[in-house]
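Written below as structure tokens is the structure these notes are about.
Only this structure's heavy atoms are used, side chains among them; waters, hydrogens and symmetry mates stay out. In the text below, chain A, chain B and the rest are named by the order of the sequence lines, each starting its count at 1.
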There are 2 protein chains.
Amino acid sequence: MDKDISRAVIGRLPRYLRYLGELKDKNVERISSSELSVLMKVTASQIRQDLNNFGGFGQQGYGYNVDYLYSEISKILGLEHQYNFIIIGAGNLGKALGGYLNFEKRGFILKGMFDKDPGLIGTEVRDVKVMPMEDLPSFIRSNDIDIAVLTIPKEGAVLVAKVLVENGIKAIWNFAHVDLDVPEYVQVENVHLSDSLMKLSYNISSYMENNK
Amino acid sequence: MDKDISRAVIGRLPRYLRYLGELKDKNVERISSSELSVLMKVTASQIRQDLNNFGGFGQQGYGYNVDYLYSEISKILGLEHQYNFIIIGAGNLGKALGGYLNFEKRGFILKGMFDKDPGLIGTEVRDVKVMPMEDLPSFIRSNDIDIAVLTIPKEGAVLVAKVLVENGIKAIWNFAHVDLDVPEYVQVENVHLSDSLMKLSYNISSYMENNK
DNA sequence: CAACAATTGACAAGAATTTAACAGAAATCT
DNA sequence: AGATTTCTGTTAAATTCTTGTCAATTGTTG
């Protein structure tokens with residue numbers, strides 16, 4: 001299918017998908033790269049270049065069909081699959097992610113939640129019960145879990161990641177503030193919130209510097 | 001101070017800071033770019049190049065002093081300032097961010113939370129009360145608020161952002177799934193969680209494609 | 001204290017990414 | 001139906017980012 005698409009291009013696809021979804025909702029049938037470029041504030045050239053990494057989705061003189069392009073990008077992103085996922089760490093962040101219904105619409109199915117705090121075990125998020133950590137290995141194996149969401153403090157994350165890998169997890173969505181060391185066949189996507197906040201801090205202070 | 005440091009460089013600084021913090025905790029006094037490059041799995045050249053954007057923090061034959069480098073990067077990122085922030089949206093995500101104590105350590109002080117749901121008003125997160133949206137404008141003005149964290153659904157986000165800007169907010173940490181259109185003097189950092197999840201999905205499905 | 005080893009900062013070379021330009025195909029207009 | 005306009009896909013140019021190299025400087029060792 002695809003061989004070596006750059007990370008930068010992949011990173012932009014979800015945003016294209018979002019704008020195309022909005023256009024679909026407005027019943028827009030077709031759109032040109034230059035119209036889309038105005039909406040999205042990127043160059044039309046970049047849009048065409050990005051899309052052409054995957055093949056010609058448009059037509060000269062016409063542009064791109066919104067529905068078709070939307071579904072092609074969905075396919076590229078693997079959103080036609082269903083993924084079973086679990087959340088490890090049933091604190092506020094874990095609950096927030098577990099309760100986010102839009103994930104379900106995209107094919108991400110919440111199968112279980114885990115926590116080491118006995119006080120949380122048995123509580124529910126959308127009919128999914130929080131289970132104790134001891135049950136984790138067997139649960140992954142017997143419920144065909146693809147993705148684990150790690151919403152626990154960094155201290156425990158490395159060890160839990162090891163357990164996940166040993167039990168055949170395919171991917172980890174990592175919110176713990178640590179870099180996980182896993183085999184190359186396990187996909188990791190990091191969300192380091194404090195890094196993001198620091199970037200914001202940089203922008204604030206750098207703006208103030210340049211405008212005082 | 002700094003004129004045009006690339007986004008890529010800034011994006012790497014928080015990760016440098018994290019590793020340096022760990023070294024500090026281990027009482028490591030000095031480190032060379034090549035040692036750090038092994039730890040962080042990047043090239044030594046990149047580390048030196050990145051740091052030299054801001055001046056020579058190291059010394060030939062010696063390397064970098066961990067404490068000094070840590071504090072210099074902190075300064076670059078603007079972490080020596082204090083920032084007052086509020087959270088808009090007191091759902092699980094808002095509560096999770098409000099309860100995250102490490103932000104306080106970095107100088108980000110939670111001053112208030114807001115929600116439109118009457119059922120949430122009056123509840124507390126770390127001694128901070130959730131207030132009704134009507135109080136937002138006056139609160140920002142009279143409490144010297146720098147940053148607003150937006151943890152509300154996208155439908156309301158655009159309108160709330162407008163109110164924030166009108167009342168002099170400096171920066172928005174945006175978790176709503178929409179691009180905000182604000183004046184250039186307002187800094188925005190987006191955290192689009194579903195984009196991140198889609199990238200993970202791409203990696204899973206692309207790995208499976210290439211290894212079936 | 002001289003010789004040697006370590007290591008930066010600077011610069012050059014090499015890659016990757018982004019933007020521009022344009023030929024040619026399809027749609028639209030008259 | 002022919003002329004004109006609109007657009008893509010593609011190639012080329014420009015820009016940005018990353019990596020490699022090495023002289024110069026500092027620390028260390030015998």
To the nearest Å, how far apart are [X] [atom1] and [N] [atom2]?
X: B/Asn53; N: C/dC11; atom1: CG; atom2: C1'; answer: 14 Å
X: A/Asn52; N: C/dC22; atom1: CG; atom2: P; answer: 19 Å
X: A/Phe54; N: D/dG9; atom1: CZ; atom2: P; answer: 13 Å
X: A/Glu35; N: D/dC7; atom1: CD; atom2: P; answer: 6 Å
X: B/Met40; N: D/dT19; atom1: CE; atom2: C1'; answer: 17 Å
X: B/Leu13; N: D/dC17; atom1: CG; atom2: P; answer: 14 Å
X: B/Asp50; N: D/dC17; atom1: CG; atom2: P; answer: 11 Å
X: B/Leu51; N: C/dC11; atom1: CG; atom2: C1'; answer: 17 Å

Is [X] close enough to [N] that one of its side-chain N or O atoms is under 4.0 Å from OP1 or OP2 there?
X: B/Ser45; N: D/dT18; value: no
X: B/Tyr64; N: C/dG9; value: yes
X: A/Arg30; N: C/dT28; value: yes
X: B/Thr43; N: D/dT19; value: yes
X: A/Gln46; N: C/dT18; value: yes

With hydrogens left out and only the distance checked, is there a donor-acceptor pair under 3.5 Å joining [X]'s side chain and the base of [N]?
X: B/Arg48; N: D/dT21; result: yes
X: B/Gln60; N: C/dT8; result: yes
X: A/Ser6; N: C/dA16; result: no
X: A/Gln49; N: D/dT10; result: no

Select from B/Tyr62 and A/Gly55 the residue whose nearest nucleotide in DNA chain D is closer to the 5' end of that strand.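 Its nearest nucleotide being more 5', the pick is A/Gly55.
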*Sub-4.5 Å side-chain heavy-atom contact between A/Ile73 and A/Phe54*: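 No, their side chains stay 4.5 Å or more apart.
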query = With no hydrogens and no angle check, is any side-chain donor or acceptor of B/Asp115 less than 3.5 Å from a backbone partner on B/Ala90?
reply =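 Yes; judged by distance alone, with no hydrogens or angles, the pair exists.
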When all nucleic acid strands are considered with a 4.0 Å heavy-atom cut-off, which category describes [X]: base, sugar-phosphate, or nothing?
X: B/Arg7; answer: nothing
X: B/Ser34; answer: nothing
X: B/Ser32; answer: sugar-phosphate

**OP:** State which residue, out of B/Tyr83, B/Phe85, B/Phe103, fulfils the ring-ring contact (aromatic ring centres under 6.0 Å, His included) condition with B/Trp173.
**Re:**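 With B/Trp173 as partner, ring-ring contact (aromatic ring centres under 6.0 Å, His included) holds for just one option, B/Phe103.
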- prompt: Is the closest basic N to carboxylate O distance between A/Asp144 and A/Lys111 below 4.0 Å?
  reply: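 Between A/Lys111 and A/Asp144 there is no salt bridge, as every charged N stays at least 4.0 Å from the carboxylate O atoms.
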#### Entry: Carboxylate-amine/guanidinium contact A/Asp181 B/Lys41, below 4.0 Å
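B/Lys41 and A/Asp181: salt-bridged.
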Count the heavy atoms belonging to other residues, nucleotides or ligands that lie under 6.0 Å from CD of A/Glu166, then report whether that count exceeds 12.
->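 Above 12, so yes.
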Look at the side chain of A/Ala8 and decide which nucleotide, out of D/dG27, C/dT18, C/dA20, has an atom nearest to it.
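Per side-chain heavy atoms of A/Ala8, the pick is C/dT18.
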